[in-house]
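Being a predicted model, the structure only gives us computed values, none of them experimental.
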Amino acid sequence: MRLTGFFIVFLLTISFQPGQLSAAKDDLPPYKQPNLPIEERVHDLVSRMTLEEKARQLDMYAGIPDFADKATDKTHAATDASFQPAATEKLLGNLGAGSIHDLYPRAELANNIQQWVIEHSRLGIPALFIEEGLHGYSDGTVFPAPINLSATWNPDLAHRTAAAIASEARAAGVHMILAPVLDLAREPRWGRIEEDFGEDPYLTGQFGLAYVQGAQGKSLASDHTVVAEPKHFAGHGSPESGLNTSPVHMGERELRSTMLKAFEPAFREGHAASTMAAYHEIDGVPVAEDSHLFEDILRGEWGFRGFVLSDLGAIRRILEDHHTAATSQQAIVDAITGGVDMQFYDFDHATFQNAIIAGYKDGTLDPDDLDGAVRSVLRVKFRLGLFDHPFTDPSLSPQVKRSPEHLATSLESARQSMTLLKNDNHTLPLPKTLKRVALIGPNANIARYGDYEDEKNGKHISILDGLRTLLPDTTIDFDQGTDISAAVAKARNAEVAILALGEYQGISGESFDRQTLDLPGNQEALLEAVAATGKPVVLVLENGRPLTISWAAEHVPAILEAWYPGEFGGQAVAETLFGDNNPGGKLTITFPRAIGQIPVYYNHDPSKTSKYVDGTSNPLYPFGYGLSYTTFAFDNLAVTSPAPGKCDDVIVTVNVTNTGDRPGDEVAQLYLHHDTSSVEVPDKALKSFERVHLDPGQHKTVTFHLKQSELAVWNLKRQWAVEPGSYTITAGDSSQAELHASFKIAKQ
């Protein structure tokens, strides 16, 4: 059974647009009166709806080809596309639409569709326009991939990025974006690692919170905010064999302590207005029908009052892959009963809506569950202000789309995400006095964006572009690297060889899962052949997941991890290689030495102590690791315990000093160890962090406020509890920091 709750949101007033609905009057039905509380309006509207109208609100419609007469592909309307009322009427009739996806409209097109939907449905319920916006909306600003964003260890950039994407999307008539991804990146063979914020629940939770708050702002009823949709709820980042949609194996304690911790801040503090139900199953229960996840935890414990959207095909998988339903009607009814509110192209519209109607009539679908789903969808539409201000001002988009502020944020994020993995003998930064540089590799002359972004969009500054702009007097010899002998010849004639290697769309991204993490194709052979010339070699990686680069780590003097750094990525890479940007990024996912080490995330349980007979169990590069062109020192770690019986924070201070000769950024990281606990918990776990900028010789005292709730364990009674006893704090520049101090929590 669904939970009910009274959730009041006051709508902001936004400017009236031509064709907008008239102002509410007292003689209008309550759901049309803006001055009434949202919950009262939702209740009134649901009471007036027919069974068919309720079923329609839970369905999603594809924007292409029915709503627009021209399209650039299967999901994007052309810029000069016009609304097709005849095709729309044939598709929708007089029942409206729950949501519209795969359209990417401009404001005028969205307004025309919205006006038609409102005027041609009995109750005038507006449609919800939903699109992707993982690291950029449509042909707007292209931001670095989420794995880059987390590498900055700067949640403010996540907030600003999400706010920028939201404003560009809302100005186009879109109300909701399918982001952020809050799965934990614990299975690097999985292709969607690039969409994540890394392997750690605390860091992911902080970035997810910042992203949701940036996207949703202070109110959804504005011209610059959208509904954020944390996904994939929950546990999707550890699929069996690294295969997308495969089962996830874990008990409730691990689920609550890791996977759900990554999502919790986005809902409890960020009040995310939607979420996506994942494909997979946990312990035999398909997530898309798991009432414990959606009803008990999400809605019950966390107070969620948004709506749950299925991942594309997740409900169908109940029938066809999980085999926990015998018919499509049973799968659909089970999903709605379990807490899912809207399908995502799972079944054709007639099958889906008729299953709801039939389930209601034959008693398999409880009326409260149906009404609960409808209320969830409508509540979000009211929060967006769509019943009072359903249209978008067409003049907004030219003001915000690819604005100077948004472009600057993309560049800043790219710069801050640059992560230096190796720099023997101060190979980097390279001198700008070089006369000839060989730039070699398949990632040299293209801007790698990662999945969910067209590489034709934006400024698409490649590494080659960045070097040529930065070094106009230097000869840059570019070679794709297809013919290794030709590439080697160019390296021999240069003073230094820069190898631009890594991954690309089609080998990284959704449903592009790998059996190995080696450099793909001929890249390893290319790297080793160029290194054999004896010329100084710098390896620049652009990739969506950690790679097994043990040979490079041993033989290449300098390695820069750039991930997928957005439209200004080539500029950021060039600036970093030649010293205009001092790298300060840190890894948010562990690099394994070999595929056999997986899983190799840092916050494993302490009982993982056995050794391999054929190699070390230590990772190649640990979580939190990243070098700089300057050096830093940590000292004077101090901990103040809360008074007995008090719930005050644990106060931790540590000094950070720039001991080198360049200004630079360091990330102070705080880790917690339970000396003893009633159940086994990770050997160490990130609990706070702060990125600081320091000039040479400058020091700063960083103060961390560690909430006692961060000490809690899911105990043997299946309850969260802060257990009395001793704890150890570790602080420093990575998860392998050794500066430590202890404190105690007294028995209550």
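Checked for salt-bridge contact, R691 and D665 meet the test: a charged N lies under 4.0 Å from a carboxylate O. Note on E567 versus K459: no salt bridge recorded, every NZ/NE/NH1/NH2 to OD/OE distance being 4.0 Å or above. For D196 and R192, the salt-bridge test fails: no basic side-chain N is under 4.0 Å from an acidic carboxylate O. K586 has a carboxylate O that lies under 4.0 Å from a charged side-chain N of E666, or vice versa, which qualifies the two as a salt bridge.
To the nearest 0.5 Å, atom CZ of residue F704 and atom CD1 of residue I729 are 9.5 Å apart. Here the straight-line distance linking atom CD of Q571 with atom CD1 of I461 works out to 5.0 Å at 0.5 Å rounding. With rounding to the nearest 0.5 angstrom, the CG atom of L670 is 8.0 Å from the OG1 atom of T730. Atom OG of S238 sits about 11.5 Å away from atom CD1 of I598, to the nearest 0.5 Å. In this structure, L428 CG and K422 NZ are separated by 11.5 Å, a value rounded to the nearest 0.5 Å. Put simply, CG on L134 and OH on Y452 are 8.0 Å apart, with the number rounded to the nearest 0.5 Å.
Nearest heavy atom pair, residue I745 against residue P642, reads CD1-CG, 3.8 Å. The two residues G136 and I165 make their nearest non-hydrogen contact at N-CD1, 3.4 Å. When all heavy atoms of L420 and Y625 are compared, the pair lying nearest together is O-CE2, 4.3 Å. When all heavy atoms of F197 and P180 are compared, the closest pair comes out as CE1-CB, 4.1 Å. The nearest pair of heavy atoms linking E453 to Q505 is O-NE2, 2.8 Å. Across all non-hydrogen atoms, the minimal contact from W720 to A712 is CZ3-O, 3.7 Å.
Side-chain atoms of T258 never come within 3.5 Å of backbone atoms of R256 as a donor-acceptor pair (strictly under, hydrogens ignored). Looking only at distances, a side-chain donor or acceptor of T576 sits under 3.5 Å from a matching main-chain atom of A572. Listed for the K687 side chain is no donor-acceptor partner under 3.5 Å among the backbone atoms of L706. In this structure, T152 contributes its side chain and N154 its backbone to a donor-acceptor pair below 3.5 Å. A donor-acceptor contact shorter than 3.5 Å links the side chain of N581 to the backbone of R415. Panel note: side chain S413, backbone T409; no donor-acceptor pair is recorded below 3.5 Å. When atom types are taken as modelled, the side chain of S150 and the backbone of I147 share a donor-acceptor pair closer than 3.5 angstrom. The backbone N or O of R593 sits less than 3.5 Å from a side-chain atom of Q597, completing a donor-acceptor pair. Side-chain atoms of T659 come within 3.5 Å of backbone N or O of T631 as a donor-acceptor pair. In this structure, S462 contributes its side chain and D465 its backbone to a donor-acceptor pair below 3.5 Å.
Counting non-hydrogen atoms of other residues, nucleotides and ligands closer than 6.0 Å to NE2 of H740 gives a total of 12 or fewer. Under a cut-off of 6.0 angstrom, the local environment of CD in Q708 is crowded, with over 12 non-hydrogen atoms contributed by other residues, nucleotides or ligands. More than 12 non-hydrogen atoms from other residues, nucleotides or ligands lie less than 6.0 angstrom from NZ of K608.
Under the rule for a salt bridge (charged side-chain N to carboxylate O under 4.0 Å, His left out), the partners of R268 that lie at least two apart in sequence or sit in another chain are E264. Checked against side chain to side chain donor-acceptor pair (under 3.5 Å), K432 has the following partners two or more places apart in sequence or in another chain: D580. A638 is linked by a side-chain contact (heavy atoms from CB on, under 4.5 Å) to T653, counting only residues two or more places apart in sequence or in another chain.
For residues 542-553, the set of pairs meeting the side-chain hydrogen bond (donor to acceptor under 3.5 Å, both in side chains) definition, not counting sequence neighbours, comprises E503-R545, D518-T548, N543-E561, W551-H555. For residues 661-685, every residue pair satisfying the ring pair (Phe, Tyr, Trp, His ring centres under 6.0 Å) rule, not counting sequence neighbours, is listed here: Y602-Y671, H674-Y727.
Side chains of Q669 and S734: no donor on one and acceptor on the other come within 3.5 Å. For the 3.5 Å distance criterion, the side chains of T141 and S410 fail to qualify, holding no donor opposite an acceptor.
For the pair F578/L471, a side-chain contact is recorded, criterion being any heavy-atom separation below 4.5 Å from C-beta on. No side-chain heavy atom of M259 sits under 4.5 Å from any side-chain heavy atom of P201. Between F634 and L637, every side-chain heavy-atom pair lies at or beyond the 4.5 Å cut-off. In this structure, V650 and T640 have side chains that are not in contact, with every pair of non-hydrogen atoms separated by 4.5 Å or more. The side-chain heavy atoms of F568 and E412, taken from C-beta on, include no pair separated by under 4.5 Å. For the pair F233/F267, a side-chain contact is recorded, criterion being any heavy-atom separation below 4.5 Å from C-beta on. E194 is listed as a side-chain neighbour of D451, based on a closest heavy-atom distance under 4.5 Å. Contact annotation: the side chain of I559 approaches that of Y621 to within less than 4.5 Å [non-hydrogen atoms, C-beta and beyond].
Proximity of the aromatic rings of Y601 and F623 is defined here by a centroid distance below 6.0 angstrom, and this criterion is not met.
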* To do: Determine, step by step, whether R662 and N582 satisfy the side-chain hydrogen bond (donor to acceptor under 3.5 Å, both in side chains) criterion, reporting the C-alpha distance in whole Å, the side-chain angles of both residues, the deciding distance to 0.1 Å, and the verdict.
  => CA-CA 8 Å; R662 288 172 177 263; N582 189 352; over 6 Å; no
Go through the steps for S678 and E723 under the test side-chain hydrogen bond (donor to acceptor under 3.5 Å, both in side chains), then give the verdict. CA-CA 8 Å; S678 62; E723 299 181 336; 2.3 Å; yes
Does the pair T630 and N658 meet the rule for a side-chain hydrogen bond (donor to acceptor under 3.5 Å, both in side chains), with working shown?
-> CA-CA 7 Å; T630 189; N658 184 340; 2.7 Å; yes
Between E680 and R253, does the salt bridge (charged side-chain N to carboxylate O under 4.0 Å, His left out) criterion hold? Intermediate values first, please.
CA-CA 10 Å; E680 188 171 7; R253 180 171 293 105; over 6 Å; no
Test log, rule side-chain hydrogen bond (donor to acceptor under 3.5 Å, both in side chains), inputs T728 and D675: CA-CA 7 Å; T728 299; D675 295 346; 2.9 Å; yes
| field | Stepwise side chain to side chain contact (heavy atoms under 4.5 Å, CB included) check, I651 with T703 | value | CA-CA 7 Å; I651 307 299; T703 300; 4.0 Å; yes
Sequence neighbours excluded and cut-off under 3.5 Å, please list the side-chain donor-acceptor pairs for residues 183-190, or say none.
residue, atom, partner, partner atom, Å
D183, OD1, H232, N, 3.1
D183, OD2, H232, N, 3.4
D183, OD2, H232, ND1, 2.7
R186, NE, E199, O, 3.2
R186, NH2, N603, OD1, 3.0
E187, OE1, R189, N, 3.0
E187, OE1, R189, NE, 3.0
E187, OE2, R189, NH2, 2.8
W190, NE1, N244, OD1, 3.0

